[in-house]
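Worksheet for the structure shown next.
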Amino acid sequence: MDYNHKEIERRWQGHWRENHTFRCVENPDKPKFYVLDMFPYPSGAGLHVGHPLGYIASDIYSRYKRQRGFNVLHPMGYDAYGLPAEQYAIQTGQHPEITTQRNIARYREQLDKIGFAFDWSREIRTCDPEYYKWTQWAFMQMFNSYYDLDENKAMPVSRLAEHFAVRGSEGINPASSKALSFSVDEWNSLSEKEQLERLMNYRIAYQGETMVNWCPELGTVLANDEVSEGLSVRGGYPVEQKLMNQWCLRVSAYAPRLLDDLEKLEWSESLKETQRNWIGRSEGAEMRFPVVGKDFELEIFTTRADTVFGVTFMVLAPESKYVPLLVGEEQRSAVEAYLDEVKHKTERERQIEKKVSGVFTGSYARNPLTGKEIPIYVSDYVLAGYGTGAIMAVPAHDSRDYAFARHFDLPIIPLIEGADVSEESFDAKEGIMTNSCGPELDLNGMQVKEAIAKTKRFISEKGIGHVKTNYRLRDAIFSRQRYWGEPFPVYYKDGTAYLMDESELPLHLPEVDSYLPTETGEPPLGRAKGWHTKDGYPIELCTMPGFAGSSAYYLRYMDPRNNDALVGHEANEYWRNVDLYVGGAEHATGHLIYSRFWNKFLFDLGAVCEPEPFKKLVNQGMIQGRSSFVYRIKDTNTFVSHGLRKQYDTTPIRVDIGFVSNDILDTDAFRAWRPDFKDAEFILEDGRYVCGYAVEKMSKSMFNVVNPDDIVERYGADTLRLYEMFLGPVEQSKPWDTNGIDGVNRFIKKLWNHFVRALDAPQKEASKEELKAIHKLIKKIGSDIESFSFNTSVAAFMIALNELSALKSTSREVMDLFTRVIAPFAPHIAEEFWSLLGHEGSVADAGWPLFNEEYLREDSVKYPVSFNGKARYTIEVPADCSREDVEKAALADAGAEKWLGGKTPRKVIVVPGKIVNIVV
RNA sequence: GCAGAAAUGGUGGAAUGGUAGACACGAGGGACUUAAAAUCCCUUGCCCUUAAAGGGGCGUGUGGGUUCGAGUCCCACUUUCUGUACCA
């Protein structure tokens, strides 16, 4: 009976489907375990061999947990809204829904072949109205909420409005876009429209004029995490800054909680650190500098309050509202020219130039501690969106201020003893203060840290400023001028935004005749006919961004068909949150922040019971492609083998890896590949053409894509699963190398043959050695899975099989145990074994074998004996030997005399079960 | 610049502070075969030594340190990858 993976895998995948083996139901009698993969965006290219890496790892983990008696939730779905389908729709006119459905069908087909234990009855798609109803619902809740900084949670906006009506802005502390203060009378004298406008300043989902990342090429705004180095992450198009009225989410209000709660999570330190940096907490002080000759003050933020004595000028962001108030007549044209120049620079251009630029406003401020007058400048190195949009410049101790001071020839006053500021600034926060004595405050002789604290105390007492913590985390821009996304349940009455009624959800995405913006520059929804409420009010034309649908999907899996709630209370109480989340680290500052924010908001609302969505997170590495190259001699059609290429002047050409096996080129296939290679000549080495290789991103254009279907077809899903794990640690990025797969495939075949032979042979009681081999395996695999070290598990299976083969094991008991232990990794062959062993049902229900320490006990223990740490010989002593006896045995050995050379040992160290070290 | 991770044979990679290189690929040799494929067996970090069995030395990016003992812990440096950046 030969191993026929196609037949076995088809049969068992059918069995799982027909028996709903992996359908899971809430069961209060069983402990739950929620294993989640980041759901994929179904792209047109289908899955390549890198995508399933994380899914295989999580599948092994969830199958293992299930065998250990947990009620495992392991769902899958699709992040179906996305740019590629829309771009494709623009080009072809095909509805993105159709493209998406087709891609999903293809993904499903590919996933099914690998034999995952997903509960497909819980599948969700973000573009499904039954799903996005709850995305829209969450938005409505955010619209109806504000963040109360005293209560430290989201509260109903109605409560805020009631408070305003009774006490005005006094006595309540809401997070806001800009700080406002007004009396009861002022509030009550506002019209409804004006009141709504004012409330917009506090809502968690709010509309605001903000500087946004505008991508003209894509015709839409992008969130900060969708822009990298001034280019859009998708497509790589230039992004510029533009002031636009957009929907935003007040993520910044949650910054302290997002930061603090990181501590509780079992995430990798590097990922937590990335989030900490992104949230960017900095403790400092806000301080006011009076403007000479004007009746207002400039407020700045600084983390270096100690350096006030070294402030020689001030700088405003170009967008600062103070700029027009400070410009003198003489400087007006220069300032305007500068502002104009800055406005037309894209983010990218600003970054590339990195040139010092700026202009004097004509006004001066007074240093509140020294009383000295200092000039006020405008420069784009100060950002409007951070702090107060204005800084006090201390050129001696800040490199940016230093560069600016040098350029404009402004004074530089060193404040730290021994700091040499002739060439560069001294930025370190350490040293002893000097030059820092004023009429009321003396910092001289203090350490920087003390000086900061003292200055903060001083300015608070004097009312010059106050202690302040700033966060870098910005509010998320939530509008996209696109078609393929969730419509906002918002309509406009007289230009004011109103929410629709919850009963009107889901608000379906309308049909349009084209997916491009309208002639007047409105988003594609501007083309939708009848896009208004039944009273004729126009509906919002923007749609929500990609992260809207992916922010709460893990909650929906808990209760995917619930029509009355995002997730029912009971289902949520049972599943709580994700125990293990597996996905790429590239989502560190996007999805993983938004999801945590979204979850916390729902937690404040009382809609979910856990403050964090993902308890443990594992970032699987990327699998890169391994591209193959041939070397064409310039101006010829002759190709030279890799080892000989240096003797010629060659151009490397990527070749489809389908023609290459173990770096040897199939020259006939290569000739047949393209017409211009038809008459190719080859210079061989050892009769073969050896290709070069490079590790690159796996992509069609590099001809290095390996399709999992092909691997499954040729070797079987079990081999693919084991091999992907065998490649190396899940967390690590590594190139795909099909070369090694034969080894794993050989193991599977040997396992099959061993099993079939054992079943045919007459049965014997399992020997001590057999039991030892299998129990060693059980122990090893259990601890490996718990610690996510799947690559060493595969090696352990190979070793165990070798041992059992060598022992000519025929024991059914042993085979039974082996089957259960390998089931999470190679479920198809395990099911087949399970059935051949005469069991009914699925091995997934078989339970995990408990290893018995008794079988692992040795009669004797081998000790390597070292001299000064260098191992020299081995002794064997009975297992129950005492420490002294081991020492005696070590010194009694014939080798001892030789290595001791007649000397007496100074010390003998015996580590039980490990080693004997003799110090001479 | 800043932060995080990493560096081990020809390759992917193993090693709770205790005989470095498990396991696999590749390579070399052999068996079976008319032949090939498949399968099986042996060798495979480097160097020296021996007729052979064997013996010895050196080895985990570099330099220091802690320790009876360091791939593992500490310090400095080099390189690579990842993230992030006029964030005051």
Side-chain angles (χ1 to χ4, degrees), chain A residues 224-225 228-229 268-278 280-282 284-285 300-304 307 314-315 317 350-351 353-354 356 379-383 385-394 397-401 403-404 427 470-474 585-586 588-589 619 621-622 626 662-663 693 722-723 726-729 731-747 749-750 753 783 789 791-799 802 862-874 905-920:
Chain A
N224 283 339
D225 68 284
S228 175
E229 295 181 355
S268 72
E269 203 38 56
S270 71
L271 196 96
K272 286 196 207 175
E273 195 58 28
T274 304
Q275 288 218 342
R276 277 185 211 117
N277 291 339
W278 190 259
R281 178 187 161 97
S282 68
I300 58 94
F301 174 74
T302 181
T303 52
R304 291 295 301 274
T307 59
M314 299 188 76
V315 188
R350 277 202 195 185
Q351 277 175 5
E353 285 183 15
K354 273 209 171 164
V356 176
S379 173
D380 66 356
Y381 85 86
V382 175
L383 305 176
Y386 185 75
T388 60
I391 61 158
M392 61 177 215
V394 186
H397 303 289
D398 181 287
S399 52
R400 295 153 302 175
D401 297 345
F404 195 85
D427 289 12
N470 259 332
Y471 293 88
R472 202 173 73 96
L473 185 69
R474 308 291 168 79
E586 66 273 17
T589 54
N619 290 121
M622 287 237 286
R626 193 176 187 275
N662 282 344
D663 292 338
Y693 73 89
L722 280 172
Y723 185 57
F726 186 63
L727 270 176
E731 295 91 337
Q732 195 173 303
S733 287
K734 58 233 155 187
W736 176 265
D737 183 0
T738 307
N739 293 345
I741 201 167
D742 288 319
V744 172
N745 190 235
R746 255 171 233 151
F747 160 72
K749 284 193 222 158
K750 280 188 219 168
N753 291 334
S783 69
S789 325
N791 56 333
T792 55
S793 299
V794 181
F797 285 126
M798 291 175 177
I799 294 166
N802 274 342
K862 281 186 181 147
Y863 281 90
V865 181
S866 305
F867 283 79
N868 296 333
K870 194 137 198 86
R872 293 302 180 182
Y873 56 89
T874 312
R906 277 199 287 160
K907 198 169 163 191
V908 180
I909 292 144
V910 179
V911 184
K914 292 269 171 77
I915 197 165
V916 182
N917 191 23
I918 297 169
V919 187
V920 185

Look at all strands and tell whether [X] reaches a base, only sugar-phosphate, or nothing, counting heavy atoms closer than 4.0 Å.
| X | result |
| --- | --- |
| K272(A) | nothing |
| R281(A) | nothing |
| A795(A) | base |
| R872(A) | sugar-phosphate |

Whole-Å distance separating the [atom1] atom of [X] from the [atom2] atom of [N]:
| X | N | atom1 | atom2 | answer |
| --- | --- | --- | --- | --- |
| I300(A) | C87(B) | CD1 | C1' | 14 Å |
| I918(A) | U67(B) | CD1 | P | 21 Å |
| M798(A) | C25(B) | CE | P | 7 Å |
| Y381(A) | A85(B) | OH | C1' | 16 Å |
| D737(A) | G12(B) | CG | P | 9 Å |

- Item | Rounded distance in Å between the P positions of G71(B) and A15(B) | 16 Å
- Message: My understanding is that a pair needs two contacts under 3.5 Å, Watson-Crick or G-U wobble. By that rule, which nucleotide pairs with U78(B)?
- Response: A7(B)
- Distance from R746(A) atom CZ to I741(A) atom CD1, nearest 0.5 Å? 11.5 Å
- Message: Taking atom types as they are modelled, would you say the side chain of R474(A) forms a donor-acceptor pair with the base of C87(B) within the 3.5 Å cutoff?
- Response: yes
